Colleague: 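Structure in structure tokens, see below.
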Amino acid sequence: MEAQDTFVPGLEGVVAAETGISLLDTEKEKIVIRGYDLIDLSASKTYADLVYLLLEGTMPTDAERQAVELKLKKNYDIPSTVMDILKLLPKETHPMDGQRTAISVLAGYDKSLDDRSLDANKNRAYELLGQLPAITVNSYRILNQQEAIEPDPQLSYSANFLYMITGNKPTQMQAEIFDRSLLLYSEHEMPNSTFTSRVIASTNADMYGALSGAVASLKGNLHGGANEAVMHMLNEASSVSEFETLLQNKLKRKEKIMGFGHRVYMKKMDPRASMMKQSLKQLCDLKGDSLLLDMCEAGEKLMAEEKGLYPNLDYYAAPVYWMLGIPIALYTPIFFSSRTAGLCAHIIEQHENNRLFRPRVKYTGARYE
Ligand SMILES: CC(=O)SCCNC(=O)CCNC(=O)[C@H](O)C(C)(C)COP(=O)(O)OP(=O)(O)OC[C@H]1O[C@@H](n2cnc3c(N)ncnc32)[C@H](O)[C@@H]1OP(=O)(O)O
Ligand SMILES: O=C([O-])CC(=O)C(=O)O
């Protein structure tokens with residue numbers, strides 16, 4: 001058989017790696033993370049539990065989760081050069097590009113950069129996860145001519161992240177909802193960004209390079225960039241009927257509606273989106289204003305009827321972030337920060353059992369006769 005006979009556009013359904021990290025089990029309708037159902041975990045566990053589960057392979061005890069929190073907090077500081085470089089970027093720079101730049105710069109500070117051992121890789125994963133709130137928030141703040149903000153180590157990792165974003169100490173409910181969003185975004189089998197990071201890692205490239213590639217992948221609006229696009233779209237309408245008309249017009253123009261559809265969940269709603277929809281309801285109830293939820297539900301109904309398409313996580317994460325007072329340009333960087341836990345687990349797994357990715361092509365050019 002010729003290599004070209006096995007070509008599948010977009011690699012749909014192609015198995016690209018062997019992994020013990022996660023699986024979208026379409027038969028059982030579960031997002032399986034190291035043997036656990038992500039949706040079940042979202043009811044009782046925190047993002048810090050997921051960080052441990054992804055990097056260490058087992059569910060942490062309370063003491064182990066506390067140790068992870070401490071480890072992340074110990075790594076909150078970022079080199080001042082990173083801040084100086086962020087200040088030099090054009091003000092139009094998107095915080096995703098700030099994040100990508102900062103991660104690249106950090107490679108130069110790693111004294112054991114060429115050490116691919118399990119311990120060295122895990123240490124740099126914890127270090128990066130500790131640094132990401134400051135990188136993410138301050139790349140946004142610096143680009144918007146605001147002073148950098150210091151972390152508050154008294155708060156939990158995710159409460160501090162939200163505090164740094166908004167400048168206000170979150171309520172317990174806000175902190176829990178934000179933590180749940182990080183947990184839900186933390187890992188999802190083999191999306192484009194994870195594939196990208198594994199392809200890069202497979203040349204023996206370092207974690208910073210693999211993550212920088214993943215930021216670039218995740219920025220695209222067919223992937224992580226969709227959460228920002230969803231919020232811009234919702235903000236174009238100010239009532240349910242205006243939003244319905246907006247969607248109808250986009251469909252007439254054959255535009256893709258951001259936040260709908262998924263390569264794996266084609267015929268049903270992404271279960272993570274259902275969880276975020278519950279959080280949106282909580283936030284709307286508290287505010288006594290259900291407009292955003294009503295608009296989202298109307299969009300959901302319209303898309304099911306018109307296209308047989310259902311919301312993915314980005315569709316409901318976007319309005320939740322809006323209700324938490326998060327600037328839109330931080331939605332995708334937050335997704336990336338959370339996903340860094342899963343990405344690092346994949347990069348480590350690739351380094352531990354590596355074979356170079358080097359596929360073939362279906363050639364459509366002229367043959368040499
Ligand atoms: C957390 C995440 O990263 S989830 C993904 C976030 N991305 C988005 O929300 C962007 C919008 N969605 C999409 O573009 C797609 O559904 C993707 C990229 C997520 C999946 O893409 P694919 O699996 O390649 O599906 P593909 O784009 O081929 O779509 C199949 C059909 O459904 C249609 N379709 C898919 N998604 C949408 C959409 N959001 N709006 C309108 N039509 C859509 C396509 O136009 C296509 O129709 P056709 O066969 O008549 O041409
Ligand atoms: O799985 C995918 O292709 C995209 C996605 O939902 C994610 O990365 O969370």
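Given the structure is predicted, the values throughout are model-derived calculations rather than measurements. Read the numbers this way: they start at 1 and go in the same order the structure lists the ligands and their atoms.
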Colleague: Does the protein place a non-hydrogen atom closer than 4.0 angstrom to atom 14 (O) of ligand 1?
Modeller: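 Answer yes: something from the protein, a heavy atom, is under 4.0 Å.
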Colleague: How long is the span from the OH atom in Tyr310 to the CE atom in Met303, to the nearest 0.5 Å?
Modeller: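 Between atom OH of Tyr310 and atom CE of Met303 there are 10.5 Å.
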Colleague: Keeping Ser338 on the side-chain end and Ser186 on the backbone end, is there a donor-acceptor pair under 3.5 Å?
Modeller: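 Yes.
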Colleague: Output yes when the distance from some N or O of ligand 1 to some N or O of Phe260 is under 3.5 Å, and no in every other case.
Modeller: yes
Colleague: Which residue holds the protein heavy atom closest to atom 1 (C) of ligand 1, what is that atom called, and what is the gap in Å?
Modeller: Asp314 OD2, 3.4 Å
Colleague: For ligand 1, which is the ligand I care about here, please tell me if Arg263 has any N or O atom under 3.5 Å from one of the ligand's N or O atoms.
Modeller: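 Yes: some nitrogen or oxygen of Arg263 is under 3.5 Å from one in ligand 1.
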Colleague: Considering only non-hydrogen protein atoms, determine which one is nearest to atom 3 (O) of ligand 1 and report residue, atom name and distance to 0.1 Å.
Modeller: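 For atom 3 (O) of ligand 1, the nearest protein heavy atom comes out as His223 ND1, 2.9 Å.
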Colleague: Mark yes or no: Lys71 above the aromatic ring of Tyr126, with NZ or CZ under 6.0 Å from the six-membered ring centre and no more than 45 degrees from the axis.
Modeller: yes
Colleague: Look only at interatomic distance and state if Lys256 has a nitrogen or oxygen under 3.5 Å from any nitrogen or oxygen of ligand 1.
Modeller: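 Yes; the residue has a nitrogen or oxygen that sits under 3.5 Å from a nitrogen or oxygen of the ligand.
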Colleague: Taking the six-membered ring for Trp, are Phe260 and Tyr315 ring centroids under 6.0 Å apart?
Modeller: yes
Colleague: Which of these, Gly261, Pro191, Ala273, Pro311, has its nearest heavy atom closest to atom 19 (C) of ligand 1?
Modeller: Gly261
Colleague: Within a distance under 4.0 Å of any heavy atom of Gly259, pick out the atoms of ligand 1 and give their elements.
Modeller: 8 (C), 9 (O)
Colleague: Any chance you could measure Ile177, atom CD1, to Met276, atom CE, to the nearest 0.5 Å?
Modeller: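 It comes to 7.0 Å.
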Colleague: Should you measure from each heavy atom of Lys307, which atoms of ligand 1 turn up under 4.0 Å away?
Modeller: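 Checking each atom against Lys307, I get 42 (N).
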Colleague: Report the part of Asn221 in contact with ligand 1, treating N, CA, C, O as backbone and CB onward as side chain, heavy atoms under 4.0 Å; options are side chain, backbone, both, neither.
Modeller: backbone
Colleague: Looking only at distances, please establish whether an N/O atom of ligand 1 is found under 3.5 Å from an N/O atom of Glu255.
Modeller: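 It does not: no N or O of Glu255 is found under 3.5 Å from an N or O of ligand 1.
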Colleague: Tell me which residues fall inside the under-4.0 Å heavy-atom shell around ligand 2.
Modeller: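 For ligand 2, the residues that come within the 4.0 Å heavy-atom cutoff are His188, Pro191, His223, His262, Arg272, Phe335, Arg339.
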Colleague: By number and element, which atoms of ligand 1 are closer than 4.0 Å to a non-hydrogen atom of His262?
Modeller: 4 (S), 16 (O), 19 (C)
Colleague: Using a 4.0 Å cut-off to any heavy atom of Ala226, which atoms of ligand 1 qualify?
Modeller: 6 (C), 7 (N), 8 (C), 9 (O)
Colleague: Please write down residue, atom name and distance for the protein heavy atom closest to atom 31 (C) of ligand 1.
Modeller: Met266 CE, 5.0 Å
Colleague: At under 4.0 Å between heavy atoms, which part of Tyr315 makes contact with ligand 1: side chain, backbone, both or neither?
Modeller: neither
Colleague: Tell me whether the NZ or CZ atom of Lys362 lies within the 45° cone about the ring axis of Phe7 and under 6.0 Å from its centre.
Modeller: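 Ring-cation test returns no.
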Colleague: Is it the case that ligand 1 has an N or O less than 3.5 angstrom from some N or O of Leu222?
Modeller: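 N/O-N/O distance below 3.5 Å exists for this pair.
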Colleague: Could you go through the side-chain contact (heavy atoms from CB on, under 4.5 Å) check for Met269 and Tyr316 one step at a time?
Modeller: CA-CA 11 Å; Met269 175 138 136; Tyr316 277 108; 4.1 Å; yes
